[in-house]
Each structure stands twice: as structure tokens, then as C-alpha cells.
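Report on the following structure.
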Amino acid sequence: MAMAPIDLAVFHDNGYIRKQCRVTDLWFWTADHARETCGDTSEDEYTFIGNPLISGYDMRGKELKDAMREAFLGFFEAKEHTRIDPYPILARWRDDIHLTIASIADFQPHVTSGMVEPPANPLTISQPCIRLTDVDAVGRSGRHLTTFEMMAHHVFNRPDEGRMYYWMEECVQYCHEMFTQTFGIDANEITYVENPWCGGGNAGPAVEVIVGGLELATLVFMNLEEDENGDVEIKGDKYSEMPLQIIDTGYGLERFCWAAAGTPTIYEAIYPETVAWLKELAGFDGITKQWPDLDLDKILGEMSRLNGIMNIEAGVDGQQLRNIFIAKLSERGIAITSEQFTAITDPLARIYAIPDHLHALCNMLGDGLVPSNAKAGYLARMLARRTLRMRDELGIDVSLSDLAHHHIEVNLGGKIMKQTHDGIGTILDLEEEKYAEMLRKGEQVIKTMLSEVDSNISEMADELLFSLNDSHGIAPEMAISLAQKSGWEAMTLRTGFTAELAERHAKMAKEAAKEVAKSTIVSDLDNLPATNSLYYDDVYQSQFDASVLHCTEVQSDDLPAEVTHGVVLDRTCFYPEGGGQEADFGTLSTDSVHCRVLDTRKIGEHIVHFTDSALSNGDVVRGSVDWNRRKQLMDHHTSVHIVGGAARRILGPHIYQAGANKSEESARLDITHYNRLSRQDLDEIEKMANQVIVQVNKTEKTILNRKDADRKHGFDLYQGGAPKGDTIRVLRISDHDIQACGGTHHDEPGQIGSIRIVRSTAVQDGVERLHIVAGQAALDYAREQDGLLRQTGEVFGVNINDVPRTAERFFTEWKDQRKRIEQLEAEIVRLRTSGGDDSSFTKDGVRIVIMESDGGLKNMSKMLKELTLDETKPTLAILGSRDGGGKLMVATTENSIASERYNSVEILKSIIPHISGGGGGRPTFAQGGGSNPEGLQDSFEAAKSLLEL
RNA sequence: GGGCGCUUAGCUCAGUUGGAAGAGCGUCUGGUUUGCAACCAGAAGGCCGGGGGUUCAAAUCCCCCAGUGUCCA
């Protein structure tokens, strides 16, 4: 069965009829009975440019967005929807995406799966979103944005529980009423296109709402889930109806603004002040004044219209695209040359893209993101670098942080965000420094790489361009322009190269996207009841009695070697590995069997104890947790929370946990920060952490459902990663740190004793790792350090206080002496080579020296240098040493009769067999080694007879 | 998470098929010169990131580790 037609009373009541689009074959509803296309086709041009479809909104920019948003949310509030505050732009409640890409993303995966109740129902929201897939089109197309607000009304229906709020009929009714009455849009301009939606295992009927050729909204009715036995088929996959039926709508706020403003591009509707400012800074008027006859608004309007109907494939060659546009503009009576077109559209595309990129960047940093070279941080860096590149191409001399401050003031109304405005400035200043450094290095690399290449060459080798882009961050266009600046003036970018680069990246990404399935160590647990975890009731309990529910043989490479069995009990005090905290060890005993627990893990709802011997189902066992280990793990875990809170207090609101590990020996906490940490930073954090131990008497542990936890504490709660269930355990250490955490923690922080931050290391750019020891481990660490120092002191024979000074003295003396030895060695070489001893012969004006020496090749080459460097004394020198397996070196004075007459390599090759070796080199300098030092004298004799001495 | 690159003098970096560790800047000394990156002569300054391997021979080739950069998801 395919999807049924969407046939609603609201259509009929408003005079709409159902037709099939001549171009796309999609079915659509229209009030204009003569219409043959659905509105969103290559034949439907924008009708609102210069002719707004929404009236009564004369303002522009932020004011326009605010008014539009308020009108939307107000409308749905009047229709009994609850207004919800927008979620952060960083999707920290999810582990599958970095950024919030749609309003429904706020409620995925747990609300949409039915596990967690929505914050309100029905609800309305305007959610800022970032999508970077079309980042290249931003500024060029007239309509693309990386950052936008998705206005929405969402409904989560549970027909199986008798909770049905509304469905298609009411949804479309609301939409139509708002469009025609609140915004006064002519019904003839609106088409409702039936276009089923599917994605991520769900599907449902959907309606696209097209106004004036622009898709203003999508209404999705998600009521199907993938099911191989399902009776509905969409695009080849089978689906069946699911218990939760969701209305997911999306109305593009910026598009509403554009339709109300009727400006040539969307950017002038939402960022007019910035566009004007950048035009002024870039001297854009100077460009257009050259051609007073060109009507800029008309050109841009036509460009947007053309972009709206042309489906431009990614990677189309720039020149080709330009020619298409020029031809099309000419058809429309606009005469423009290629030169004019480029001179106008290139800078404009940058002027338009900059405020868009700044908007995304400010929102991301404002949410506490730290730029990095991986994950979400990389996305921020990419936007920052794109912005900087475009700024430089425009020749604008304003720092990135000043651009951001302008943006925050003008387009965000000075909005207070999680990160301070100064913090954003600091981060962006650092980014700009890194960008400048990258450019400087890139220029150097290009010069080196091209140094052997003719300066008249017109194309750079593909491999060079790939390497510059992928390894050094220099985009192809930039590489060419740097090369031109460095003297390769004829250099141009091969047409189609950018497309090939993109293709190559896509291919690499595809290959990398292979997932390794994790095998389960223990299966067949489904029929057992969930294990009762006693460690949550009382973290200090270490002894317990329990019944064995299941015992099975196990074998796995990632378990300790002695493990033979996996045991499931009805209840346990053993904490399973999780949240970065390592598992408890201990024993399980009956009267007859005593087994060691060597690892504990949670598999589904069950806690599995991995033991070194078997137990029988039904056995009653006495469990005992290795308390020293557990206490140490708790010390470390609670310390990690305390240190995290202290770091946030001292370093700033962008400090977020990027990972953590708590073992018996030490703990690691990875935090997001834009700079390397100094020892002074660590000392301050350590000091505050130790104050918290003393000052906070009790930690608070509460269990909340997801909905309440989100509302009460926000998403900073999920430092340890996106939680999976509906129930959230919240650990609160006064106001110092509040986190969702399933680990075991002290009731009283004072039990930890003391915390020491050993050192910090860099995990990746933007992430700093703190190495922490606490409690007994802190004492052990101190003792160990003390021991090392004492040992060092004993070696020097001094008091430990004098160790640094003494070590320094020893080191300088050692260096001085090494230097002195070298000098003396050189002196010996001079003495040995200067004398007229019996190893020296003269033949036909060439001095021939055959001599045994001490030491290795290094010493010998020094002697050779002494012997053969003097051009007034042409010399052939043959040196041998018993070092190693025997060494031989042959050299002649360069540019002399010695080097004309004798070939060092040939001499070496003929005499080296006596020491059973091989070698080679240049005609004036050869060296080799062997394995028979006893043959050295034979080599010398062979040389003498070869040279007829 | 994956790919690629880099690590050599205090700094910025060269170093070709494995065969004698280099340049520029900076430092020091002497000379010349009373000037805004001055000139001349000379000197000092190197575990060529660490560890293993191949080889007669490794800055150079291979493997592991660390640090650092970059692109993509």
C-alpha cells in the first residue's frame, strides 16, 4: 500500500483543488485553478522580489526577525500551544549530531521514541539551527544560510493511550489561517504539495507549503516506523504505524522575513546593517560606480530568481556557471559582461556570507563551544577561517573579534549568552592568530615545493594542491594566489579542480564510514529480571547476600585472562564499569565455592560479574567488594566533579567535560579550553578543589525524570555524555558542580582527604587533559615523587634541596667537558696526520697516506678531512679501523691531480673484501665496513700493491 | 572517529638516489661606522622529537611512541 492522498476539509473549504504537477509529478493543492505546477519547480520563479507577499512588516534585520517570530509564536499560543524556550545550538543531549539542525532535534531521540515526555504538548518554539552542508552556496545563491531559525509547532499524540491532540486537518488549518490571516498572504500564491517524508527509520505523509515560489514551511506527520512486515511502502522500504504520532513542522523564519521584505537577496532582509557596513569597508560603491548604467538591485533580484529555479550541482565549474548566468540575464534584457559580473558578484557573495557565518559562529561560541581541530570545535574553526579568508579577499581591515562584537551588538541585540562577549573576543583573537600562522606556513611550504619549478609554469601539480589543502589548510584558490604573490605569476587554477577535490573528500569519507559491530560477551539475559543495584542506596555498603540467577562460561579478549564465567545476581553492590569509572573487584562466596570477581559490567539491565570459577543457579552467595579499590575509585570520581567545577569557575563558562576516566591509580579529566594550561592555572584549580572538599559538607543525590531534569538544570547537566534513559541521577556538590552521573560518589566530599592535579596534557587542540590523584593515591603520589627526589639527591650526594642547583652544575660541566674532549680529539688527529711517519708515501706528486686509526667513522672522517682538505698538497688517504667489524675509508683531495688519478670508490671496492665487507660513496670519498677486523692489514697490503708502492 | 603532513642551531627553515649536518635572522668577539632591521671579518651554538629495526653506513628507508598541524565525517 502506498501513501494515501492527503484530502482535507481545509482545502475544500478554501476553494483548493488537487492537481498533479506538470514538472515534478507531485500532487498538490491550489486555489488557482489554472496553475499547472506545484510552485517549487524549475519553472516557478520567486514572485516576491520587489513585491512583498507579506505586508505590514517594513522593518529589517533583527527587528524584522523579532516581529515575525513574535507573530508566529503568538498565533500558536492563542491556539493553546505552550511556548518553549529554544534549546542550545550545540546538541549536547545527543551523541549522534554536534549541532541542532532542526526544531525536532530538540526532542530526539527520547521524546520522539516515546520514552520521555515532551516539555509541553502541543508546543511552539523558534529554534536557532545550524546546517553546514550548503556552506559553499551561502552568499552566492541569494538564499542559502548556515544558520537560521526554525519556527515550529509540535504535537506528540498517543492514540493508544487516548491522547490525541490534533492531526493533519487541524495542523493544515492552523497553517493556512496563519498564512492568510496573520500574514495576509494571498491564497492564490500558496500551494500545498504532497510529498511523503522519510528518514532515520521513520516516515509519514508530509506537506510542503510553497509561497511565491519559496518553500516557507514543511508539515510532517510522522506516524510510521520501519518494519519489514509493514503494510506501507515508501521509496522501497516498508513501514508500519507506530504508537506515537508526531507532528513535526518547520517554518523558516528568515524566509518569512525575505518574503515580507522583498529584497533582492535574503541577506539584505536579515542582515541589512552588516551588509551596508561591509560594503562601505570594502569600497563596494567604487566598483559599481564604474558602470552607472547597471541596475544592481535588478541584477541581484534576477540572480536570486535564477538561483531559485536552477538546481545547481555541487562542484560546477565557476567559469561555466558564470557564463550560464550571463546568458540567462541577457535573455532577461540585462546586458552584463563577464568582467562586470565577476567584479560585482564575487565581493558581494563574501559580503553576504560574512554576517551569516558570524551569526553561526557567535551562537556556537556563545553556547560555550571551543574551536578545535576535531568534532564540533572544528566546525567553528572552519567558519572562522572562511570568514577570515573572505574578509581578507575583500581587503577589509577589521579583526575577527571586532566583526563578532559588531554582530553581537547589531544582529543579536547584545544578547547575553553562556560565554561572555569578552570570552568570545579572546577565542576569536586566538583563532585569527592561528589563521595567520597557517597562512605564513602555507606560503613557506609553497615556496619550498615550487622552488625547483619553472616560474613560468601555469598549473600547479594536482598532488601538490591536494597536499596543500589537506595537510596545510591552504585551499586551492589561496594556494594559487600565494604562488602568484611569490613569483609564479602565470599560475592559474585548473578548471574543475575544486570539484575533484570535493569528490576525493567524499570518497574518503565514504570509505571511512564503516562501522564495526560490537559483539556481546554474554547473551540470553532477556528473561532475567533487572539487577537491583544496591550501590545507589548506600555507596558505603560492601557486603551483601544475593542469589545467583545465571552463570555462564565466557571467553573474550578484552577480559582478564583468569576470567572463566559471567555471573548475574538478583542484587549487587558491585559497581559495573561505566561513566568512566572502572568496575569493582571483590569476591563471591558460598560455603563451598570462593570465587574472585575480576571485572563487572552492565549489559542491558543486568550487571554481570566476571569470575574465575563457576557458581550454580540458585546458589545464595555472600558478595564482598574490594573496599580499598572502591574507596579509591569514589575518591577519584568525586574529585573529577569537583575539579571540573573548579576549572569552570576559574577558566570560564566554556569549560565542558570532553571525557573522563577514573582508575585506582589516578583519574583523568578532559576539559574544553582554548589554550594550554600553565602550572599556575593548575595550582589555582587545585587550590579551589581542595577548598570545596573542606567547605561542602554534603553532596546531594537526586533522581529526576528527564523532563524535570532538563527544565531544572539545563543541558550542562550532561557533561558525561548524552544519557540514555528517562531517569536521571543528579549529583550536586553545592552550587559548585551539578551533573547527571551514574557513578558512585561520596556523601561527604571531606572523605576524599586531598586532591592533587599532577599535570595537564593536550588531547587535541581545544581539549586539555588534567591528571588527578586523590585520597590515598594522592599520598602515594607524593611519596613516590619524594622517593625520586631522594634517589637523585643520593646519586649526587647532596641534600634534596640542592638537587636542582647541583644537577644544573653537573649538566654544564658535562657539556663543557664533552666539548673539551672533542677539541682534544681534533688535536690528536692533527698530530697524527701532520707527521712524516712511515705510513706516508709520495708518488708522482701525490701524497699517499695509508694508516690505521682508532674510533669509528666519525673520528676517521675528521682525520680524512685534515688529510685531504689542503688543495696545495694533493693527497690520497686510506684509513682503516678495527672498530665495529672493521672500517675503511678512502678519500682524495678534491679538484687536484689526486682526484684525477684515483677513484676512491674503486680502491675501496678492491680492498674491502679482506675485511669481509661492502661500501660505497663518491669518487673522492668512499667508506665501508666489514665483519673481519683481522683482515685490516691485508687490506692495506692490497692497497699498496694496487697502487704499486 | 578517519586520512594526510610536520618535528634538524635561540628563531624561521633547507638538506637530492642512504655515504663529511647547512642557510638566513639572532647572540658573542674584533674592525668599520655616531642613525631607522647598517657594513666587513671571525666565533660560539646540534642526542637531526624518543625508542626499536634494516644496512658496512640512517637526519634520510621501515615499525612503534610522543608532540604538533591540517582536512574530512
Side-chain angles (χ1 to χ4, degrees), chain A residues 95-99 132-133 135 371-376 378-379 381-382 385 434-435 437-445 447-449 451-452 463-476 501-516 659 676 761-766 769 811 814-816 818-819 822-823 856-869 877 879-881 883-892 894 904-905 908-909 911-933 935 939:
Chain A
D95 50 18
D96 53 341
I97 51 173
H98 297 307
L99 301 169
L132 295 172
T133 43
V135 68
S372 163
N373 55 10
K375 298 186 179 173
Y378 172 68
L379 302 176
R381 174 160 295 165
M382 181 192 78
R385 292 192 171 175
K434 290 189 180 191
Y435 171 79
E437 179 65 11
M438 187 189 82
L439 278 189
R440 192 192 60 75
K441 285 212 162 127
E443 203 166 342
Q444 195 65 42
V445 170
K447 276 184 189 164
T448 307
M449 285 178 165
S451 58
E452 305 275 310
E463 280 312 310
L464 185 52
L465 284 172
F466 282 132
S467 144
L468 280 169
N469 185 82
D470 288 3
S471 307
H472 301 98
I474 307 292
L501 182 72
E503 202 175 302
R504 183 171 156 137
H505 284 154
K507 208 168 150 192
M508 279 162 61
K510 211 172 172 184
E511 278 167 17
K514 50 174 192 241
E515 212 173 309
V516 187
R676 294 306 312 268
T761 52
V763 177
Q764 58 180 229
D765 199 20
R769 173 166 294 169
F811 184 66
W814 170 74
K815 268 181 106 170
D816 287 348
R818 202 181 52 169
K819 213 179 299 163
E822 263 175 37
Q823 285 166 359
L857 288 170
K858 201 166 182 180
N859 201 31
M860 288 162 73
S861 43
K862 253 187 217 161
M863 292 179 72
L864 277 181
K865 211 175 201 171
E866 284 290 332
L867 286 163
T868 60
L869 214 59
L879 294 187
S881 152
D883 190 64
K887 308 271 184 239
L888 275 172
M889 291 184 104
V890 182
T892 55
E894 286 188 35
S904 303
V905 178
L908 180 81
K909 296 251 186 207
I911 64 172
I912 197 118
H914 294 284
I915 59 165
S916 311
R922 302 191 309 266
T924 56
F925 188 93
Q927 54 186 288
S931 54
N932 175 30
S939 290

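Chain naming here is simple, since letters A, B, ... match the order of the sequence lines and numbering starts at 1 in each.
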Base, sugar-phosphate alone, or nothing: which one does [X] contact when heavy atoms must sit under 4.0 Å apart?
X      : answer
A/G920 : base
A/A374 : base
A/R922 : base
A/N469 : sugar-phosphate
A/T448 : sugar-phosphate
A/R504 : nothing
A/G929 : base

Mind checking the [atom1] distance from [N] to [M]? Whole angstroms is fine.
N     : M     : atom1 : answer
B/G53 : B/A58 : P     : 12 Å
B/G31 : B/A38 : C1'   : 14 Å
B/A57 : B/G18 : C1'   : 8 Å
B/G50 : B/U60 : P     : 10 Å

- Salt bridge flag under 4.0 Å for residues A/R440 and A/E443: no

- Message: Less than 4.0 angstrom from a charged side-chain N to a carboxylate O is my criterion; do A/E463 and A/R504 meet it?
- Response: yes

- Between A/H98 and A/S467, who's closer to the 5' end of RNA chain B by nearest nucleotide?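 Nearer the 5' end of the strand: A/S467.
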
- Task: Find which nucleotide of RNA chain B each of A/Q444 and A/T761 is nearest to by heavy atoms, and output the residue with the more 5' nucleotide.
- Result: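 It is A/Q444 whose nearest nucleotide is closer to the 5' end.
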
Taking [atom1] from [X] and [atom2] from [N], how many angstroms apart are they, rounded to a whole number?
X      : N     : atom1 : atom2 : answer
A/E437 : B/U68 : CD    : P     : 15 Å
A/R381 : B/C71 : CZ    : C1'   : 12 Å
A/Q927 : B/G19 : CD    : C1'   : 5 Å
A/D470 : B/U70 : CG    : P     : 13 Å
A/K441 : B/A14 : NZ    : C1'   : 15 Å
A/F925 : B/A57 : CZ    : C1'   : 11 Å
A/F466 : B/C4  : CZ    : P     : 15 Å
A/L468 : B/G5  : CG    : P     : 13 Å

- Task: Searching all strands shown, indicate the nucleotide that pairs with B/A41 (Watson-Crick or G-U wobble; both distances under 3.5 Å).
- Result: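 Check on B/A41: paired to B/U29, both distances under 3.5 Å.
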
- Note on the structure: Paired to B/U70 by Watson-Crick or G-U wobble criteria (both distances under 3.5 Å) is B/G3

